[in-house]
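Just so you know, these numbers come straight off a predicted model, no measurement behind them.
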Amino acid sequence: MAASLTFELEQFPKGYFLAWSVSTQCANTVTVTLKVGNTVYFSGSKTNHSTGLQLISQSNRTHDCNGTPILTITVNESSQLKQSVTSGAINDQRARKVGYVYDFCIEDSTDDDYNDVYVNIVGWAKKG
């Protein structure tokens, strides 16, 4: 038994510089993947049953493929996932969009703490 959620990160056009951090503290095993078409930007997995906070992926890259980045979160040993998503534009002093950020807090059980999987992905129009 495994449960998955999929998100389309349409606010990241081609050319954006992406950075991410993926953490988990659930007792179940977890896989988090960001893909564009057949290109995997990252895939991080937790393969143990420890409930200690674990960083399973952290890195960056330029979004250089055609298409929308697709984030997939899979929690094995869970039958249903719940989500809390926060997102918003990063604006300059003139209120022009210079980037975008997504935060995903995932609940894999019934305690409703939404701290089982946490994903932060930010993208900027310019690198550096």
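By the 4.5 Å heavy-atom criterion applied to side chains, Y118 and D103 are counted as neighbours. Here the side chains of V119 and L71 are in contact, with some heavy-atom distance below 4.5 Å. Contact check for F104 versus T86: no side-chain heavy atoms found under the 4.5 Å cut-off. Between V30 and V117, some side-chain heavy-atom pair lies under the 4.5 Å cut-off. For the pair N115 and Q25, the minimum side-chain heavy-atom distance is below 4.5 Å. With a 4.5 Å cut-off on side-chain heavy atoms, N66 and V36 do not count as touching. Within the 4.5 Å cutoff, side-chain heavy atoms of H49 are placed close to those of E77.
Note that CD1 of I121 and CD of Q11 are 13.5 Å apart. Values are rounded to the nearest 0.5 Å. Rounded to the nearest 0.5 angstrom, L81 CG and Y114 OH are separated by 10.5 Å. For the atom pair I70 CD1 and T33 OG1, the distance stands at 12.0 Å (nearest 0.5 Å). In this structure, CD in E10 is found 10.0 Å from OG in S87, a value given to the nearest 0.5 Å. The distance from the OG1 atom of T74 to the CG atom of L5 is 8.5 Å, given to the nearest 0.5 Å. Between I73 atom CD1 and S4 atom OG the span is 9.0 Å, to the nearest 0.5 Å.
The two atoms that bring K46 and C26 nearest to each other are NZ-O, 2.7 Å, heavy atoms only. Smallest separation of non-hydrogen atoms from V32 and F42: O-CE1, 3.7 Å. Nearest approach of A3 to Q80, heavy atoms of both residues: CB-N, 3.7 Å. S109 approaches D116 most closely through the heavy-atom pair N-OD2, 4.2 Å. Taking all atoms of both residues into account, the shortest heavy-atom contact from I90 to W124 is CD1-NE1, 3.8 Å. Shown here for D108 and V75, the closest heavy-atom pair between the two residues is OD2-CG1, 3.8 Å.
Judged purely by atom type and a 3.5 angstrom limit, E107 uses its side chain to pair as donor or acceptor with the backbone of D113. Looking at Q83, its side chain never comes within 3.5 Å of a backbone N or O of V85 through a donor-acceptor pair. Put simply, the side chain of K127 never gets that close to the backbone of R61: no donor and acceptor are under 3.5 Å apart. Checked by atom type and distance alone, the side chain of T51 never pairs as donor or acceptor with a backbone atom of A27 at under 3.5 Å.
Aromatic ring centres of F7 and Y102: separated by at least 6.0 Å. In summary, the aromatic rings of H63 and F17 are positioned with their centroids too far apart to meet the 6.0 Å limit.
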Which donor-acceptor pairs under 3.5 Å do the side chains of residues 52-59 make with protein atoms, sequence neighbours left out?
| from | atom 1 | to | atom 2 | distance (Å) |
| --- | --- | --- | --- | --- |
| Q54 | OE1 | N48 | ND2 | 3.2 |
| Q54 | NE2 | N48 | OD1 | 2.9 |
| S57 | OG | W20 | NE1 | 3.1 |

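Heavy atoms of other residues, nucleotides or ligands lying less than 6.0 angstrom from CG of D111 number more than 12. Summarising the local packing, CD of E8 is surrounded by 12 or fewer heavy atoms from other residues, nucleotides or ligands at distances under 6.0 Å.
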Handout entry: From CA spacing to verdict: salt bridge (Lys or Arg N to Asp or Glu O under 4.0 Å), K97, D92
Key = CA-CA 7 Å; K97 179 180 156 190; D92 69 9; over 6 Å; no

Handout entry: Y41 vs D64, side-chain contact (heavy atoms from CB on, under 4.5 Å): CA-CA, chis, key distance, verdict
Key = CA-CA 10 Å; Y41 281 11; D64 56 0; 3.7 Å; yes

Exercise for the section: Would you check, one step at a time, whether the test side-chain contact (heavy atoms from CB on, under 4.5 Å) holds for V40 with L34? Expected result: CA-CA 6 Å; V40 177; L34 183 66; over 6 Å; no

Exercise for the section: May I have the step-by-step check of side-chain contact (heavy atoms from CB on, under 4.5 Å) for K82 and D112, ending in yes or no? Expected result: CA-CA 9 Å; K82 294 182 272 185; D112 286 342; 2.4 Å; yes

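In summary, the side chains of T29 and T47 do not present any donor paired with an acceptor at a separation below 3.5 Å, with no hydrogens or angles considered.
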